[in-house]
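One structure below.
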Amino acid sequence: MHIFVKNITSTLLDFIFPPQCFLCKRSGSVICMTCLAALQPLSIPRCQHCHTILTTKGTCRQCWEHPLRLSGLRTFSAYRGPLRTCIHALKYEGRKQLAEPLGCLLAEAYTSYNLRTDIVLPVPLHTTRLQERGYNQSALLAAVCARQLGIVYRDDLIIRQRPTRPQVGLSLQERSRNVTGAFQSTCIFTTGAFAKRRILIIDDVCTTGSTIEACANALFAAGAHSIWGLVLARPDTG
Ligand SMILES: [Zn+2]
Ligand SMILES: [Zn+2]
């Protein structure tokens, strides 16, 4: 459908059937202003490199011993409460419309952390998983975030060349092993004008950063200049 017709149709549909807030069920928007405000993170100390939660300001032990190759990893908030409910619904219950407000939160986080990048891309799903789910939740989030920020969005620069086990429940070493070599840059990246650019990789949730790091390694191998990671949520312990 033409984008203009599509926009008119969705505006009309919103008028006839106004969306309900996913969290409090009040009618008006996908997530209402009150619930959005409640999603805002508390100011807590985080590792300046990987953003894991710390008790004081500074760098976590993991980053001292085995720093990520990423320029840095940033997270919007902790993976719990209503934010966790929203991410779960976006990922597993087909609530794709949640990508809009959640992607805007990512864009706000990007601005508040003063990130400077040229291209936004999502952590890709393997084609088998993409066919099962029908969409990549990280791609939906990244597209909204890029649009809000006015940055180029690409979802064709890296591929997940083999399926991986879910990272949940794996140790740090197992997580790293699980995703090592799972991603590869595409010929579009290696032959395009992307090689010297600053890249932002977006995912919904991360625990240790191994998945984003594995994506980054594929892009570094192909000549990327610098790579940041940005996620919506990170578990309190990780
Ligand atoms: Zn609400
Ligand atoms: Zn760290």
Side-chain angles (χ1 to χ4, degrees), residues 14-15 17-90 93 95-106 108-110 112-115 123 141 144 167 170-176 179-180 200-203 205-217 220 226-238:
D14 282 356
F15 183 72
F17 306 107
Q20 268 192 334
C21 171
F22 172 70
L23 291 167
C24 72
K25 311 300 174 208
R26 236 174 295 176
S27 94
S29 47
V30 178
I31 300 180
C32 75
M33 294 302 280
T34 313
C35 291
L36 261 186
L39 293 181
Q40 290 296 327
L42 299 172
S43 179
I44 39 174
R46 289 182 177 276
C47 169
Q48 56 191 359
H49 188 53
C50 77
H51 241 205
T52 195
I53 293 174
L54 295 177
T55 45
T56 54
K57 273 187 171 178
T59 303
C60 76
R61 196 169 149 201
Q62 181 63 28
C63 284
W64 275 115
E65 290 171 0
H66 305 284
L68 298 170
R69 280 187 78 195
L70 287 169
S71 300
L73 186 56
R74 292 292 175 264
T75 182
F76 167 70
S77 189
Y79 187 54
R80 60 179 139 90
L83 182 61
R84 183 186 173 134
T85 309
C86 290
I87 294 172
H88 193 276
L90 168 67
E93 296 163 22
R95 300 276 196 149
K96 289 197 276 184
Q97 65 275 37
L98 287 169
E100 185 66 36
L102 297 179
C104 290
L105 292 179
L106 279 173
E108 276 176 33
Y110 178 97
S112 73
Y113 295 133
N114 278 319
L115 301 182
V123 168
L141 292 168
V144 172
Q167 297 279 70
L170 301 183
S171 71
L172 182 65
Q173 285 76 17
E174 287 169 335
R175 281 167 191 268
S176 177
V179 291
T180 297
L200 179 71
I201 301 175
I202 284 186
D203 209 355
V205 178
C206 85
T207 302
T208 60
S210 322
T211 305
I212 294 184
E213 180 83 343
C215 291
N217 282 335
F220 278 132
S226 66
I227 304 175
W228 282 85
L230 177 64
V231 300
L232 260 180
R234 202 166 168 167
D236 293 354
T237 52

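Please read all numbers here as calculations on a predicted model, not as lab measurements. We number each residue from 1, following the sequence as shown. Indexing begins at 1, ligand by ligand and atom by atom, following the structure's order.
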(Q) Using the rule side chain to side chain contact (heavy atoms under 4.5 Å, CB included), only one of V231, T52, I201 pairs with C206; which is it? (A) V231
(Q) If I take the Zn ion (ligand 2) as the centre, what angle separates the SG atom of C60 from the SG atom of C63? Nearest 10 degrees is fine. (A) 110°
Q) Ignoring hydrogens and geometry, is there a side-chain-to-backbone donor-acceptor pair from R234 to A78 under 3.5 Å? A) no
Q. Counting heavy atoms not belonging to K57, are there more than 12 under 6.0 Å from its NZ?
A. no
Q: Confirm or rule out an N/O/S atom of H49, from backbone or side chain, lying less than 2.8 Å from the Zn ion (ligand 2).
A: no
(Q) When you measure from the Zn ion (ligand 2) to the N, O or S atoms of C50, does any of those distances fall below 2.8 Å? (A) yes
Q.
Quick one, L230 with I212, criterion side-chain contact (heavy atoms from CB on, under 4.5 Å). Give me CA distance, side-chain angles, the key distance, then yes/no.
A. CA-CA 9 Å; L230 177 64; I212 294 184; over 6 Å; no
Q.
Test of geometry: compute the angle SG(C35)-the Zn ion (ligand 1)-SG(C24) and round it to 10°.
A. 110°
